[in-house]
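Read through the structure below, which is laid out as structure tokens, and then see the notes.
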There are 2 protein chains.
Amino acid sequence: MTKQRRTIIRVLSESEDHPDVEDVHTRAKQLDPKISLATVYRTLRLLEEAHILKCHDFGDGKSRFEEALTHHHHLIDQKTGKIVEFYDERIETLQHTIAKELGYKLVDHRLELYGVPWEQEKET
Amino acid sequence: MTKQRRTIIRVLSESEDHPDVEDVHTRAKQLDPKISLATVYRTLRLLEEAHILKCHDFGDGKSRFEEALTHHHHLIDQKTGKIVEFYDERIETLQHTIAKELGYKLVDHRLELYGVPWEQEKET
DNA sequence: CTAGCTGCAAAACATTTGCATTTCG
DNA sequence: CGAAATGCAAATGTTTTGCAGCTAG
């Protein structure tokens with residue numbers, strides 16, 4: 001448990017959004033200016049493997065991280081890029097049912113909705 | 001409409017799986033040995049933008065492609081890497097409902113299930 | 001003290017791009 | 001012919017790694 005790891009954990013626990021690695025590095029440097037990008041990468045991977053963080057890929061080529069405190073999914077606002085978190089028991093149940101119907105035990109799942117604010121369906 | 005593009009389209013329409021770019025390039029070279037990787041990348045992007053192909057990211061860092069003939073989702077077998085395709089109206093409906101409840105019009109969505117064959121839930 | 005972590009710079013990937021050349025229509 | 005596509009190699013962006021020095025316990 002080094003100073004750098006504590007710093008990175010703190011950055012994530014103080015983040016309300018879904019920062020990418022660069023973001024985490026920038027925020028971490030605020031607290032410890034000489035922390036390196038490699039350490040950020042290594043620590044994030046470590047924390048993800050320990051199921052302390054969740055890693056997402058929202059379509060841009062970057063990995064975004066958040067604490068794995070609660071299980072939830074994301075709706076990405078195509079207009080503004082805003083990310084709305086949600087949890088819905090009906091989805092959870094249905095996914096287990098479907099997996100079972102296909103002969104599988106559900107181990108994990110990924111769900112992302114992409115939407116535009118209602119009443120605003122014009123294209124770019 | 002060049003020979004290379006025809007070749008790449010043919011490769012995809014003859015593929016039953018979800019090849020990554022390297023796979024497509026390898027298969028295309030069978031038909032036209034001097035086709036370049038850059039052309040494969042350019043053409044795949046083009047076909048995706050034309051909604052002729054769908055691009056997926058199943059967790060390894062590679063883009064995998066398939067024809068966009070039918071709307072469906074994927075269950076990835078964690079044991080064997082096998083990909084099972086499925087379509088379920090209940091999921092479709094529910095996703096629209098949830099988006100609407102959050103104040104959004106659903107434009108697109110991504111769903112992947114990760115599972116292990118039933119009766120075989122041991123870890124690696 | 002010493003196993004394990006860090007920082008740095010270099011390497012490894014997947015993907016994109018500039019440009020001279022070729023091809024399609 | 002002229003616009004658009006190709007091939008090559010170099011560039012890009014993200015993530016990983018080798019290694020010497022530093023740190024926590």
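Below, read A as the first sequence line, B as the second, and so on, with proteins coming before strands; counting in each chain starts at 1. Not measured: the values here are computed from a predicted model.
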Please tabulate the protein-to-nucleotide N/O contacts below 3.5 Å involving nucleotides 6-13 of chain D, giving atom names and distances.
residue: D/dT6; atom: OP1; partner: B/Thr2; partner atom: OG1; Å: 2.9
residue: D/dT6; atom: O3'; partner: B/Gln4; partner atom: NE2; Å: 2.8
residue: D/dG7; atom: OP1; partner: B/Gln4; partner atom: NE2; Å: 3.4
residue: D/dG7; atom: OP1; partner: B/Lys34; partner atom: O; Å: 2.8
residue: D/dG7; atom: OP2; partner: B/Ser36; partner atom: N; Å: 2.9
residue: D/dG7; atom: OP2; partner: B/Ser36; partner atom: OG; Å: 3.1
residue: D/dG7; atom: OP2; partner: B/Thr39; partner atom: OG1; Å: 2.6
residue: D/dG7; atom: N7; partner: B/Arg42; partner atom: NH2; Å: 2.8
residue: D/dG7; atom: O6; partner: B/Arg42; partner atom: NH2; Å: 3.4

request  = Specify the closest pair of heavy atoms between A/Gly115 and A/Leu75, including all atoms of both residues, with the distance to one decimal.
outcome  = N-CD2, 4.4 Å
ask   = According to a strict under-4.0 Å criterion, is A/Tyr41 in side-chain N/O contact with OP1 or OP2 of D/dT15?
value = yes
Atom-pair distance (CD on B/Glu48; P on C/dT15), nearest Å = 11 Å
ask   = Any side-chain N or O of B/Arg45 under 4.0 Å from OP1/OP2 of C/dT16?
value = yes
remark   = Between CD of A/Glu49 and C1' of D/dT15 the distance, given in whole Å, is 14 Å
query = Between atom CG in A/Asp23 and atom P in D/dT15, what is the gap in whole Å?
reply = 11 Å
task = Examine A/Leu53 and A/Leu37 and state if one hydrophobic cluster contains both, with Ile, Leu, Val, Met, Phe, Trp and Tyr joined whenever side-chain heavy atoms are less than 4.5 Å apart.
result = yes
task = Kindly give the heavy-atom pair with the smallest separation between A/Lys54 and A/Ala68, and that separation in Å.
result = CG-CB, 3.8 Å
request  = Using the rule that two of Ile, Leu, Val, Met, Phe, Trp, Tyr join whenever any of their side-chain heavy atoms come within less than 4.5 Å, decide whether B/Leu102 and A/Leu94 are in one cluster.
outcome  = yes
Rounded distance in Å - CG (B/Leu46) to C1' (D/dA4) = 11 Å
request  = For A/His72, check ring pair (Phe, Tyr, Trp, His ring centres under 6.0 Å) against everything at least two apart and list the hits.
outcome  = A/His74
task = Verify the cluster assignment for A/Leu106 and B/Leu111: are they in a single hydrophobic cluster under the rule of side-chain heavy atoms below 4.5 Å apart?
result = yes
request  = Specify the separation, in whole Å, of atom CD1 of A/Ile8 and atom C1' of C/dG7.
outcome  = 12 Å
request  = Provide, to the nearest angstrom, the distance between the CZ atom belonging to B/Arg64 and the P atom belonging to C/dT15.
outcome  = 10 Å
remark   = Which of A/Glu66, A/Arg64, A/Lys62 passes side chain to side chain donor-acceptor pair (under 3.5 Å) with A/His18? It is A/Glu66
task = Find the distance A/Glu22:CD to D/dT16:P and express it as a whole number of Å.
result = 14 Å
Whole-Å distance separating the CD1 atom of A/Ile9 from the P atom of C/dC5 = 13 Å
ask   = With Watson-Crick and G-U wobble geometry limited to distances under 3.5 Å, how should the secondary structure of DNA chain C be encoded in dot-bracket form, using | for bases paired to another strand and [ ] for crossing pairs?
value = |||||||||||||||||||||||||
task = Inspect the contact between B/Arg90 and A/Glu101 and indicate whether a charged nitrogen and a carboxylate oxygen are less than 4.0 angstrom apart.
result = yes
Residue pair B/Arg110 / A/Asp57, side-chain heavy-atom distance below 4.5 Å = yes
